[in-house]
Amino acid sequence: MRSLEVKNRTSAEEIKSLRLITAVKTPYLPDGRFDLEAYDALMNMQIMNGVEGVIVGGTTGEGHLMSWDEHIMLIGHTVNCFGGSIKVIGNTGSNSTREAIHATEQGFAVGMHAALHINPYYGKTSLEGLVSHFEAVLSMGPTIVYNVPSRTGQDIPPSVIHTVSQSANMAGVKECVGNDRIKEYTDEGVVVWSGNDDQCHDARWGYGATGVISVTSNLVPGLMRELMFGGKNTCLNKKLMPLIEWLFREPNPIGLNTALAQLGVVRPIFRLPYVPLSLAKRVEFVEIVKQLGRENFVGERDVQVLDDDEFILVGRY
């Protein structure tokens with residue numbers, strides 16, 4: 001019997017073709033452990049609405065609040081339950097190259113199809129150090145490099161991407177700098193996914209992006225699929241903007257966590273330091289759902305304005 005690592009082996013070329021990837025939310029139980037029942041339901045909603053891949057334990061999935069045991073377990077669980085229906089991309093990046101190597105080895109061992117790697121943050125490094133860091137993990141399997149300077153404090157410049165793109169395992173870049181950078185890459189044949197939901201329509205149809213790695217698709221996967229697959233649609237893009245702007249008023253994933261709780265898809269539980277959006281913003285979300293149509297959102301319950309005392313904040317888990 002072959003291992004999941006061998007059975008699920010995926011080429012970088014297969015990853016390059018994905019147009020809609022959801023950075024999936026990780027739900028919690030009242031004691032702070034993973035709520036796998038809610039997670040599985042959310043995964044099924046993504047698959048049924050045509051999402052092609054998921055990032056497990058990324059920024060949106062709060063991988064930075066997980067132990068590595070939790071992290072690898074969730075990747076393995078996702079592969080085991082859904083790996084035949086959707087591409088599973090594990091966030092195994094770290095600011096420590098040693099940790100990134102170890103986590104990526106484990107991720108591929110439990111069957112993930114590709115890895116997501118951020119550049120070393122906080123401590124940062126030189127451009128030569130960036131190249132060495134990515135080369136150390138690229139040898140293991142298909143890889144998406146993630147550039148989000150607003151969180152890492154350091155841009156990954158095109159010179160670094162051009163160097164590491166020589167690897168056969170380099171699937172592409174999740175780029176958050178903007179559409180001009182995306183066009184620079186796509187003009188040179190580098191595959192890019194927009195990391196900004198508010199720019200992804202133009203990135204896809206005007207700047208050559210393959211698609212988007214999306215937060216918003218947790219909530220409205222069908223509409224985000226239409227945005228990525230259906231051709232230029234400025235009307236739908238404009239219609240989605242109030243939701244997207246609302247989601248990112250506070251640092252992600254605060255808005256998403258609040259929204260999914262209001263929709264009854266996850267329990268209203270936050271691992272600190274995240275806390276829910278204010279009551280006024282929760283009321284605003286209800287109006288946004290009504291305007292877009294409840295039928296376009298995940299879940300089946302009516303959207304609710306939750307009271308402050310209905311949220312549970314967990315500091316130890």
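These figures come from a predicted structure and were not determined experimentally.
No side-chain heavy atom of Pro268 sits less than 4.5 Å from a side-chain heavy atom of Ile312. When side chains are defined from C-beta on, Val24 does not count as touching Val51, because their heavy atoms never get closer than 4.5 Å. Put simply, the side chain of Arg294 reaches to within 4.5 Å of the side chain of Leu263, judged on heavy atoms. Side chains of His71 and Asn91 form a contact here, defined as non-hydrogen atoms less than 4.5 Å apart.
Separation of atoms OG1 (Thr143) and CG (Asn169) is listed at 6.0 Å; rounding is to 0.5 Å. Atom OG of Ser217 and atom CE of Met45 lie 13.5 Å apart (nearest 0.5 Å).
Between Glu70 and Arg271 there is a salt bridge, with a side-chain nitrogen of the basic residue lying less than 4.0 Å from a carboxylate oxygen of the acidic one. Glu37 has no carboxylate O lying under 4.0 Å from a charged side-chain N of Arg267, or vice versa, which leaves the two without a salt bridge. Ion pair Lys290/Asp302 not flagged as a salt bridge, since none of the NZ, NE, NH1 or NH2 atoms sits closer than 4.0 Å to an Asp/Glu carboxylate oxygen. Using a 4.0 Å cut-off between charged side-chain N and carboxylate O, Lys16 and Glu13 make a salt bridge. Taking 4.0 Å as the cut-off between side-chain N and carboxylate O, Arg19 and Glu52 count as a salt-bridged pair.
Judged by distance alone, the side chain of His113 and the main-chain N or O of Val88 form a donor-acceptor pair under 3.5 Å. Counting only distance, with no hydrogens or angles, the side chain of Arg282 and the backbone of Val286 share no donor-acceptor pair below 3.5 Å. The backbone N or O of Glu310 sits nowhere less than 3.5 Å from a side-chain atom of Asp307 that would complete a donor-acceptor pair. Of the possible donor and acceptor atoms, one in the side chain of Trp205 sits under 3.5 Å from a partner among the backbone N and O of Leu227. Formation of a donor-acceptor pair under 3.5 Å by the Thr152 side chain with backbone atoms of Tyr121 is not found in this model.
A perpendicular orientation is assigned to the rings of Phe82 and Tyr39, their planes being inclined by more than 60° (bins at 30° and 60°).
Sorted by first and then second residue, the salt bridge (charged side-chain N to carboxylate O under 4.0 Å, His left out) pairs with a member in residues 188-208 form an empty list; sequence neighbours excluded.
Clustering ILVMFWY residues whenever any of their side-chain heavy atoms sit less than 4.5 angstrom apart, transitively, puts Tyr146 in a cluster other than the one holding Ile75.
Residues Asn95 and His133 have side chains that never bring a donor and an acceptor to within less than 3.5 angstrom of each other. At a cut-off of 3.5 Å, with distance as the only test, a side-chain donor of Asn257 or Lys25 sits close to an acceptor on the other residue.
Of all heavy-atom pairs between Ser214 and Leu20, the closest is CB-CD1, 4.4 Å. Here the shortest heavy-atom pairing between Lys239 and Leu292 reads CG-CD2, 3.6 Å. Taking all atoms of both residues into account, the shortest heavy-atom contact from Asn179 to Ala203 is OD1-CB, 3.2 Å. Taking both residues in full, the closest heavy atoms of Thr92 and Ala115 are given as OG1-CB, 3.6 Å, listed atom of the first, atom of the second, then distance.
Alongside Ile161, the hydrophobic cluster contains Leu127, Leu130, Val131, Phe134, Leu138, Val145, Ile156, Val160, Val164, Met170, Val173, Ile182, Tyr185, Val190, Val192, Tyr207 (criterion: ILVMFWY side chains under 4.5 Å).
Under the 6.0 Å distance and 45° angle rule, Arg225 counts as a cation-pi partner of Phe229.
Within 6.0 Å of atom CZ in Arg33, 12 or fewer heavy atoms from other residues, nucleotides or ligands are found, so the atom counts as exposed in its surroundings.
With sequence neighbours left out, Arg151 forms a salt bridge (Lys or Arg N to Asp or Glu O under 4.0 Å) with no residue at all.
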